[in-house]
Every structure is written in C-alpha cells, then in structure tokens.
2 protein chains.
Amino acid sequence: MGARRGEDVEVVTAPGRLPGNDEPAVRERARAIPEAAVARLAVYLRVLSGLAEQDVTTISSEELSAAAGVNSAKLRKDLSYIGSYGTRGVGYEVEVLVDQIERILGLTRKHSVCVVGIGNLGHALANYAGFPGRGFPVSALFDVDDDLIGVPVGGILVSHVDDIPRVCAEREVSIGVIATPPPAAQGVCDRLVSAGVQCILNFAPVVLQVPDHVEVRKVDLAVEMQILSFHVARRADEAANADESGMVVPG
Amino acid sequence: MGARRGEDVEVVTAPGRLPGNDEPAVRERARAIPEAAVARLAVYLRVLSGLAEQDVTTISSEELSAAAGVNSAKLRKDLSYIGSYGTRGVGYEVEVLVDQIERILGLTRKHSVCVVGIGNLGHALANYAGFPGRGFPVSALFDVDDDLIGVPVGGILVSHVDDIPRVCAEREVSIGVIATPPPAAQGVCDRLVSAGVQCILNFAPVVLQVPDHVEVRKVDLAVEMQILSFHVARRADEAANADESGMVVPG
DNA sequence: CGGTGTGAATACTTTCACAGCT
DNA sequence: AGCTGTGAAAGTATTCACACCG
C-alpha cells in the first residue's frame, strides 16, 4: 500500500473522481464484481432460466428484481457490472442475460465436483439434481468406510479418501465438497488441497485452515439456526419493549 | 469520506451510544449488533465450546480469532457489541463468553424446529445431530407422500403437510426448515407462515415471498457452486493475464 | 414516455492504532 | 508489559435520483 502514517499528509483526495488519478496499485482489471453481486447474479440466473422456459423473452428491472427478491436499483447495478445489455425504455432480453451471466460465472466450462463423506448429507448431495443439471457433474465420491467403497451412489462408485489425489487428478476435479463429520474435515481438506483442488464447499461445522490460493465457502446449519434464533429473541425483546412503552398494538 | 473539502461537513459520526446521550428520535435499540457480527458470534461460540471441553479456561483475542479464521481486531469488535467481558492484559474467560454469546443469540430458550420435505436432504436434516445438541430440538416432520406419513424418521413421526397449522401450534414450532422440491416450497412457506412460524430456513432453490415480519435465510447449493465457479474462472483469467504480461511466476 | 445505466450520497463493515486498565 | 475496548479511517455495499436514450 502507499503512504500511510500521515505526518500531516492530509488525506486530500476525496474518493478519486479527478481525471488524472493514476492510482499505482490499481488493478486495471474490469473484473471488479463485488462478491455480494456475484451471489445475486446466480439467483438472477435461476429466475431468468425459469422465465426462459415459460417463453418470456423480455423483462424489466422492476419485474426481475421483484422475482429475485431485491430492489430494482440493486439489480440494475449488479447487471451493470457485467456490461450494458438492456434497452432503455424496454428492459432486458432474457436470453441475452442468461448467456452473459453464465459467461461471467464461468458456467461455460463444466466443473467436476467430488463429494467427500457419504453419510446422510453426502447421499443427498450425490443425488442432488441441481448439480449436474447446471454444469456441475459429480464425478467422484469418497469415504473411509470399507462397507461403502465400491458401492454406487447416484451412479458413481465410492472411492477411499486415500485415493483422493489420484482420482481427483484423473477426473480433473475442480470443486471439492466436504460432508464428513467435523473431526475428519480438516484432514480431508488438506488432501483435497494437495490434490490441487482450489475450491471447497464445506458442510462440516469447523473452520478450515487453507492456503491463500484456495477458496472456501461454508454452509453451516448450526450457524444458520443460531442466526434465526437471534432474530426470534430480538423480536421477542422488541415486542416486550413496545408493550411496556404503552404502544397500542395495531391489528 | 470523513472530512473533505472545507465545507464544515461535520458528519457527526454515527451510531455511537454514548452514555447520557439523549438522542431525540433514537428508537431505543440496545440490540444494534450488525448482522455480519451475529453470524460470526455463532462461529466463536462453537470454537469456544470446543475449548471449554478441552478445559481451556482463558483465551486471548489473538488465539481465538486465529481459531475462528478472522483477525483479532474484528473479533474484539464483535465481542464489544455484546459487552465488555475481557480482562485487559489477560484475555477472555471461555465460560463467560460462552454464556454471554448464548444469551445474545437467544440460545437460553429452546427453539422447536420442524422440517418439511422428508427426501434425502430432509432425512439428513432430521438426523442431524447438531440440532438437538445445541438447543434446536426437531419436533415435527412433514411431507405429502402417503407412504411416509406416520413413519418415524430420527425418532419423530412424519405428519402430512396439511397438518402443519395444528401440529406446529401444538408443538410450539418457532423455526421451519424447508427441504421440499422447488415447486412446493412457496406453498409450504405460506402454510408455515399462517401457522405462526416467523423464522424459516429454506433449502429449496426458489426465492420465497414472505411478509415483513418473517425472517428467511436460505441455503442454496447451486448458488454456492456458481460462486465457486466464478472464482475458478477468475483465477484462470488472472493466470492468463499474468502469463501474458511476462510475469515471472514465483515458486 | 418509460426504463436503463450510473455518478453521488448514504449506510454498513472492516481495519487501524492507541489510550487505558490489569 | 500486554491485551482489551474503541474512536476514527478506510473500504465495501446499497440506495437515490436523474441524465440519457430508444
């Protein structure tokens, strides 16, 4: 980073709107799509795919945003990150948006997925129709249980976790899904990483330690439930407060 | 953003809650914990519970933050939202933090959970040990399939979705988990809402429309996969660019 | 007109850095 | 001497509001 420690360096530059602003460390990559926007693009894509199936060809930001559960300004901003594909006064062509979002999300290539840990959840994941349907073929399954090795689940034979390096290399796995019990997760993660897998989706309730170049996303049921619990509690508090402050309850 | 340009802007800083500050129109919110912080508190809680089991009694922000995968400033800030329970020069008492986080997250009450849609995923959820273990007893299961009604799954008998209102009321369900196929999700959601359930965790890949007073969180595998796909693509782009710009790849 | 695309304003989150307590 | 707690700065994300264009 540049200068810090301002001996009266006075921060001058308001967020650069000046033209001659040649930031030194600025990545001139246009690929600066906010993470939050990426997540929403995936949602828009699903909504749009549904519309395409119903032969809707054109849609406005207002309609699309309502269907996606966001407001229209956010939707337009999100779409603006990927380019200008709308027509003023009209709206967007569904098919164009589908293509462009798929391009940005990298869905034009297929991404082989492996699932590690074939318990209840692993079974569900291995059979999950949403994966292959949208460019994510599940191409390997792993477990430690001898009774499972060689058994077909969702059409794929389960391999032993010890074979992760070989099998992942052979089948060019790019995304690993961890659905093991918590104590096994870090070990499995390490094996996936050393097998060259750079993206991991973790269902085990543990914080995985990985090198910088590996991307981890986690799905944590307990955390989700606790967040909901927090909201239940907050609501109860508010109700109690409103009550006590003599508010008249409407309806 | 702070001061810039000489128009005595004086942005009065934000939501401070100084003591003795008699804000005019402040709506008495003692509970102003950022959503993002709430999610992390749940993670800290799990780490802390693990530490407690290993008889660790005291921990510094540096250690705890490392175990939780965040930096220590963020951890301290997050903890500061719930109060001052640390000892300067020493650290935090594990047990105190556990109690306080549980209190804030509303885990001192039990929250009955129902699962709707007893397919692969529903089975996995019904059997998920993480729920009852941490104050979220699964107390009702629902499906439409006649072959499933009355069958015990994870020790609970499956009821028909038509009985959602009655059963949810009887068992005081406060959190509904939707694990149905996409087309059924909105209908199930509506029934849960009219049964008085105010918090919903949605695994179906659809955007649920709910009244304002209902809190929905979603877990969307396809979206997660697509976000990872985006990162795979970005990485590939970066590699290509670095390559082309004649960069020497470091070891 | 009607609806997109986007600077600018606002709101929220993270990080810095250090005063103050133990 | 060390670590927490926290204002203030920096960085992101969301929303507003309107110029612009079909």
Side-chain angles (χ1 to χ4, degrees), chain A residues 1-19 21 23 25-27 30 32-41 58-66 68-93 96-97 100, chain B residues 1-5 7 9-19 21 29 32-41 58-66 68-93 96-97 100:
Chain A
M1 301 305 175
R4 68 111 101 84
R5 195 5 154 296
E7 336 231 298
D8 45 330
V9 175
E10 55 138 2
V11 186
V12 142
T13 39
R17 66 226 302 169
L18 312 183
N21 180 2
E23 197 70 39
V26 117
R27 268 189 212 337
I33 306 179
E35 181 82 13
V38 171
R40 287 189 300 263
L41 284 170
T58 293
I59 192 163
S60 70
S61 64
E62 205 62 58
E63 296 167 300
L64 180 51
S65 65
V70 303
N71 72 33
S72 64
K74 193 188 284 183
L75 176 117
R76 289 201 303 280
K77 180 71 91 178
D78 287 345
L79 292 181
S80 80
Y81 293 128
I82 69 175
S84 291
Y85 301 106
T87 306
R88 289 168 195 239
V90 180
Y92 303 88
E93 259 192 74
V96 171
L97 280 191
Q100 292 304 324
Chain B
M1 264 136 209
R4 87 127 121 157
R5 223 43 197 284
E7 341 170 355
V9 190
E10 182 259 341
V11 180
V12 184
T13 34
R17 44 23 170 328
L18 318 181
N21 176 359
R29 77 289 218 276
I33 305 179
E35 182 80 14
V38 172
R40 287 189 299 265
L41 284 170
T58 293
I59 193 164
S60 70
S61 64
E62 204 63 58
E63 297 167 299
L64 179 51
S65 66
V70 303
N71 71 34
S72 63
K74 193 188 287 182
L75 176 116
R76 289 200 303 279
K77 180 68 90 177
D78 287 344
L79 292 182
S80 79
Y81 293 126
I82 68 174
S84 291
Y85 300 106
T87 307
R88 291 169 194 235
V90 180
Y92 301 89
E93 257 191 77
V96 172
L97 282 190
Q100 293 304 324

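Just so we're on the same page: letters track the sequence lines, and every chain starts at 1.
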Original post:
Do the side chains of B:S80 and B:R76 get nearer than 4.5 Å, heavy atoms only?
Top reply: no
**OP:** Take the protein atom OH of B:Y92 and the nucleotide atom P of C:dC21, then report the distance between them rounded to whole Å.
**Re:** 16 Å
Original post:
Going from OH on B:Y92 to CG on B:L64, what distance comes out if it is rounded to the nearest 0.5 angstrom?
Top reply: 8.5 Å
Original post:
Roughly how far, to the nearest 0.5 Å, is the CD1 atom of B:I59 from the CG atom of B:L97?
Top reply: 9.0 Å
Original post:
Is there a side-chain polar atom (N or O) of B:S61 under 4.0 Å from OP1 or OP2 of D:dT4?
Top reply: yes
Subject >> For A:R40, all residues meeting salt bridge (Lys or Arg N to Asp or Glu O under 4.0 Å), sequence neighbours excluded >> reply: A:D78
Original post:
Nearest-Å distance, OH (A:Y85) to C1' (C:dG5)?
Top reply: 14 Å
Original post:
In this structure, are over 12 heavy atoms from other groups packed under 6.0 Å from B:Q100 atom CD?
Top reply: yes
Subject >> Letter per nucleotide, 5' to 3', of nucleotides 14-19 of chain D [B base touched, S only sugar-phosphate touched, - untouched; heavy atoms, 4.0 Å] >> reply: BBBB-B
Original post:
What is the distance, rounded to the nearest whole Å, between atom CD of B:E62 and atom C1' of C:dC16?
Top reply: 14 Å
Original post:
Under a 4.5 Å cut-off applied to non-hydrogen side-chain atoms, are B:V70 and B:S65 in contact?
Top reply: yes
Original post:
Expressed in angstrom and rounded to an integer, what is the separation of A:I59 atom CD1 from C:dG3 atom P?
Top reply: 12 Å
Subject >> B:L75 CG to C:dT14 P, straight-line distance once rounded to whole Å >> reply: 12 Å
Original post:
Between B:I82 (CD1) and D:dT4 (C1'), how many Å, whole number?
Top reply: 14 Å
Subject >> For atom CD of B:E63 and atom C1' of D:dG2, their distance in whole Å >> reply: 13 Å
Subject >> Whichever of A:G89 and B:E35 has its nearest DNA chain C nucleotide further upstream toward 5' >> reply: A:G89
